[in-house]
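Notes to accompany the following structure.
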Amino acid sequence: MRRRTSRFLFCLAAVFLSASAPGTEAWLEKCFECHGPDGMGKADPMYPVIAGIPAAHIEEAIYAYIDGARQCIREPRMCETVTTLTESQVSAAAEYFSSRVREYNLEQYNAELAAKGAVLHERHCGACHLPPHDEDVAYAIGIPLHGQRPDYIRYAIRAYFGGKREPLLDTMAHEIQQLDGDDFDALVNYYSSYRAGD
Ligand code: HEC
Ligand code: HEC
């Protein structure tokens, strides 16, 4: 846990200096099968959007799958793929997907639940999870959730809540434990209501 945290903070500081995307190599094409070359997530609604996530966060997430803090319960091939990567491939993948332009899937949502979710987000989550177009998003402590695919967010929140995914920060674990099942639904609808430029 401590190693993950210090590596993450180091990357967050270093990442703003790096930029160029590598050419398409065979190992990177494996990622495209599920996340798409544009990083927007393909076919299966469980494949998350990874376009435009700051590189330090992508690296941190990949190492969490490699060291078991995150388990690939629904899709074992995700963990199998990333455990074969070298450290420089992890960095290259993070740079590649962080520099993809984040488009929008324009998810459906229930407006009433989204309004309730907006309040919950402000109270419990907004300090760390900024919208992807916020100018400070690269410096945010958490990964952008606005516009992420709803099935994936619902699954991820439940996994932290049920102890199947180890959160990097105890503060987040504490906030998630304040919620109940209806709150999860409200938050997911709120994140799905996000439209670029809001
Ligand atoms: C077989 C489909 C599949 C392949 C191949 C795959 N992924 Fe994934 N990826 C997923 C799924 C599903 C998840 C969510 C897993 C979970 O947490 O249970 C995920 C999660 C992630 C996340 C975390 C996203 C977030 O929002 O926290 C990153 C980063 C990621 N993948 C990068 C990669 C990279 C880089 C590659 C190629 C080296 C790759 N993936 C290959 C399906 C795949
Ligand atoms: C103190 C800062 C902080 C707070 C508050 C916080 N989070 Fe997080 N969150 C993080 C960090 C850091 C990560 C990435 C590392 C990890 O997996 O724990 C993360 C990751 C996540 C993920 C996984 C995203 C992905 O793409 O895989 C979800 C879902 C999530 N948080 C939901 C929430 C919700 C819902 C709340 C409010 C109830 C919340 N978080 C509050 C810092 C925070």
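Worth knowing before you read on, the calculation uses all heavy atoms, side chains too, and leaves out hydrogens, waters and symmetry mates.
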- Query: Do we get R158 above Y160's six-membered ring, with its NZ or CZ under 6.0 Å from the centre and within 45° of the axis?
  - Reply: no
- With sequence neighbours excluded, tell me which residues meet side chain to side chain donor-acceptor pair (under 3.5 Å) with R154. D185
- Pairwise distance CE(M78) to SG(C34) - rounded to 0.5 angstrom: 9.0 Å
- Message: Are the side chains of P54 and S98 in contact, using a 4.5 Å heavy-atom criterion?
- Response: no
- Query: What are the two closest non-hydrogen atoms of P150 and V188, and how far apart are they?
  - Reply: CB-CG1, 3.6 Å
- Heavy-atom check, side chain of L169 versus side chain of P167, under 4.5 Å: no
- Message: A side-chain contact here means heavy atoms from C-beta on lying under 4.5 Å apart; do L145 and L187 qualify?
- Response: no
- Note on the structure: So CD1 of I62 and CD of Q89: to nearest 0.5 Å the spacing works out to 10.5 Å
- Query: If you group Ile, Leu, Val, Met, Phe, Trp and Tyr by side-chain heavy-atom gaps below 4.5 Å, do I53 and M172 land in one group?
  - Reply: no
- Path from M40 to V137 over hydrophobic side-chain contacts below 4.5 Å: no
- Are the aromatic rings of H121 and H146 close, with centres under 6.0 Å apart? yes
- For the pair Q178 (side chain) and H174 (backbone), establish whether a donor and an acceptor sit closer than 3.5 Å, ignoring hydrogens and angles. yes
- Task: Give a yes or no answer on whether the side chain of D136 reaches the backbone of Y139 with a donor-acceptor pair at less than 3.5 Å.
- Result: no
- Message: Testing the 3.5 Å rule here: is there a donor-acceptor pair between the side chains of E107 and Y194?
- Response: no
- Could you tell me whether the side chain of R165 and the main chain of G162 form a donor-acceptor pair under 3.5 Å? no
- Message: I'd like to check P37 versus Y96 (side-chain heavy atoms, cut-off strictly below 4.5 Å). Are they in contact?
- Response: yes
- Query: Would V119 end up clustered with L130 when hydrophobic side chains under 4.5 Å apart are linked, directly or stepwise?
  - Reply: no
- Query: What closest approach, in Å, do A94 and A55 show between heavy atoms, and which atom pair accounts for it?
  - Reply: CB-O, 3.6 Å
- Message: Between S192 and Q108, does the side-chain contact (heavy atoms from CB on, under 4.5 Å) criterion hold? Intermediate values first, please.
- Response: CA-CA 7 Å; S192 292; Q108 309 236 308; over 6 Å; no
- Stepwise salt bridge (Lys or Arg N to Asp or Glu O under 4.0 Å) check, R74 with D44: CA-CA 11 Å; R74 298 263 296 268; D44 188 319; 5.4 Å; no
- Check whether any side-chain heavy atom of K116 lies under 4.5 Å from a side-chain heavy atom of D183, and answer yes or no. yes
- Query: Is a donor on one side and an acceptor on the other found under 3.5 Å between the side chain of R149 and the backbone of M46?
  - Reply: no
- Determine, using the 4.5 Å side-chain heavy-atom cutoff (strictly less than), whether Y65 and L28 are members of one ILVMFWY cluster. yes
- Query: Any ion pair linking E33 and K42 (charged N to carboxylate O, less than 4.0 Å)?
  - Reply: no
- Take H133 and Y104, measure what ring pair (Phe, Tyr, Trp, His ring centres under 6.0 Å) needs, and give me the verdict at the end. CA-CA 12 Å; H133 285 121; Y104 284 86; 5.6 Å; yes
- Task: Compute whether any side-chain donor of one residue and acceptor of the other, for H129 and Y191, lie under 3.5 angstrom apart.
- Result: no
- Query: What orientation do F32 and F97 show, parallel under 30°, tilted 30 to 60°, or perpendicular over 60°?
  - Reply: perpendicular
- Message: Just checking E135: does its CD atom have more than 12 heavy atoms from other residues, nucleotides or ligands closer to it than 6.0 angstrom?
- Response: no
- Output for pair (L85 CG, C31 SG), nearest 0.5 Å, gives 6.5 Å
- Nearest-0.5 Å distance, CG of residue L120 to CG of residue D182: 10.0 Å
- To the nearest 0.5 angstrom, please state how far the OG atom of S91 sits from the CD1 atom of I58. 11.5 Å
- Query: Within the side chain of H124, is there an N or O that forms a donor-acceptor pair under 3.5 Å with the backbone of I176?
  - Reply: no
- Message: Is there a path of hydrophobic side-chain contacts, each under 4.5 Å between heavy atoms, that joins Y152 and I157?
- Response: no
- Ring centers of Y190, Y109 separated by less than 6.0 Å: no
- Item | Rounded distance [0.5 Å steps], NE2 in H35 versus CD1 in I50 | 4.5 Å
- Message: If you define the side chain from C-beta out and look only at heavy atoms, does anything of C72 sit under 4.5 Å from R77?
- Response: no
- Message: For D38, is there any backbone N or O sitting under 3.5 Å from a side-chain donor or acceptor partner on R100?
- Response: no
- Query: Are E87 and V90 side-chain neighbours, meaning at least one heavy-atom pair lies under 4.5 Å?
  - Reply: no
- Item | Closest approach of T83 to E80 (non-hydrogen atoms, all atoms of both residues) | OG1-O, 3.0 Å
- Item | Heavy-atom closest contact (L113 atom, N189 atom, distance) | CD1-ND2, 3.5 Å
- Item | Expected output: side-chain Q71 to main-chain I73 donor-acceptor under 3.5 Å | no
- Are T84 and W27 side-chain neighbours, meaning at least one heavy-atom pair lies under 4.5 Å? no
